[in-house]
Amino acid sequence: MRPTNSQRILCVAGCLPARPPLLYTLWTFCAPALQLRVYKTLQDAVVTMYRTEGPLVFYKGLAPTLIAIFPYAGLQFSCYKSLKRAYDWAIPADGKQTGNLKNLLCGSGAGLISKTLTYPLDLFKKRLQVGGFEHARAAFGQVRSYRGLLDCTKQVLHEEGTHGFFKGLSPSLLKAALSTGFVFFWYEFFCNLFHCMKKESS
């Protein structure tokens with residue numbers, strides 16, 4: 001029996017703690033600047049950014065984010081279903097309860113595949129987001145500035161080659177495997193929980 005729409009919403013809501021909160025994006029953007037004492041506090045960072053660069057500063061990197069979110073989410077679910085079928089074919093259940101392990105492993109695999117295929121857009125997003133405090137980033141080495149998504153793509157390709165599109169991929173894969181694996185794990189867990197509750201009540 002398929003879960004109802006309301007049950008699906010509750011299942012997704014139960015999975016949300018496995019994802020970083022929305023403010024984590026802002027903290028990731030401001031953390032290096034706070035460590036270098038560019039901003040005194042997170043509140044000071046928000047106010048200063050708004051005053052010096054306007055409200056659009058909070059939307060830097062939005063274009064690659066919007067472009068990447070649809071294939072990333074689609075690949076996650078399609079790869080998850082395909083990996084579950086492959087898992088069932090390679091390791092028959094034989095009456096053993098291995099559903100939780102299967103969901104975790106297949107979810108992790110789906111996260112690895114989808115992150116790898118869409119990672120260049122993630123890299124462009126992050127490089128566009130860190131623009132705006134070049135004087136503080138000088139301590140990290142070479143400082144680059146970009147005028148937009150296309151300019152960022154051209155500069156990375158010209159200066160770093162195609163392998164530059166995948167710089168920092170390893171830690172991103174680790175994060176994607178863990179976060180996506182646990183999202184699908186808890187999603188399936190809550191779906192099964194609601195199914196059992198409805199079965200007992202009927």
Linking directly or through intermediates, with side-chain heavy atoms under 4.5 Å: list the remaining ILVMFWY members grouped with V47, chain and number order.
none
Would you say L75 ends up clustered with L123 if hydrophobic residues are merged whenever their side chains have heavy atoms under 4.5 Å apart, either directly or through other cluster members?
no
Which residues pass the salt bridge (charged side-chain N to carboxylate O under 4.0 Å, His left out) test with K81, not counting sequence neighbours?
none
What's the spacing between N100 CG and N192 CG if we round to 0.5 Å?
7.5 Å
Ring geometry between F185 and F189 (parallel below 30°, tilted from 30 to 60°, perpendicular above 60°):
parallel
Got a salt bridge between E159 and K154, using NZ or NE/NH1/NH2 to carboxylate O under 4.0 Å?
no
Given side chains that start at C-beta, do those of T180 and S114 come closer than 4.5 Å, heavy atoms only?
no
Sub-3.5 Å donor-acceptor pair from the side chain of Y72 to the main-chain atoms of Y119, do we have one?
no
Between I113 and T116, is there a side-chain heavy-atom distance shorter than 4.5 Å?
no
Distance-only side-chain donor-acceptor flag, Y187 / N103, under 3.5 Å:
no
Non-neighbouring partners of F166 that pass ring pair (Phe, Tyr, Trp, His ring centres under 6.0 Å), sequence neighbours left out
none
Distance flag, aromatic centroids of Y146 and F124, threshold under 6.0 Å
no
pair L104-F184: side-chain heavy atoms closer than 4.5 Å:
no
Could you tell me whether a side-chain N or O of T48 sits under 3.5 Å from a main-chain N or O of A45, the two making a donor and an acceptor?
no
Answer yes or no: is there an ion pair linking D122 with K126, defined by an N-O contact shorter than 4.0 Å?
yes
Salt bridge check, E53 against K60: does any charged N sit closer than 4.0 Å to a carboxylate O?
yes
Going by atom types alone, do D151 and Q155 pair a side-chain donor with an acceptor below 3.5 Å?
yes
How about K102 and L83: do any of their side-chain heavy atoms sit closer than 4.5 Å?
no
Transitively linked via ILVMFWY side-chain contacts under 4.5 Å: L62 with Y50?
yes
Is there side-chain contact between H195 and E200, with at least one heavy-atom pair below 4.5 Å?
no
Say whether M197 and F190 are linked into one hydrophobic cluster, either directly or through other cluster members, by side-chain heavy-atom distances under 4.5 angstrom.
yes
Can you measure from CE (M49) to CG (D44) and round to the nearest 0.5 angstrom?
11.0 Å
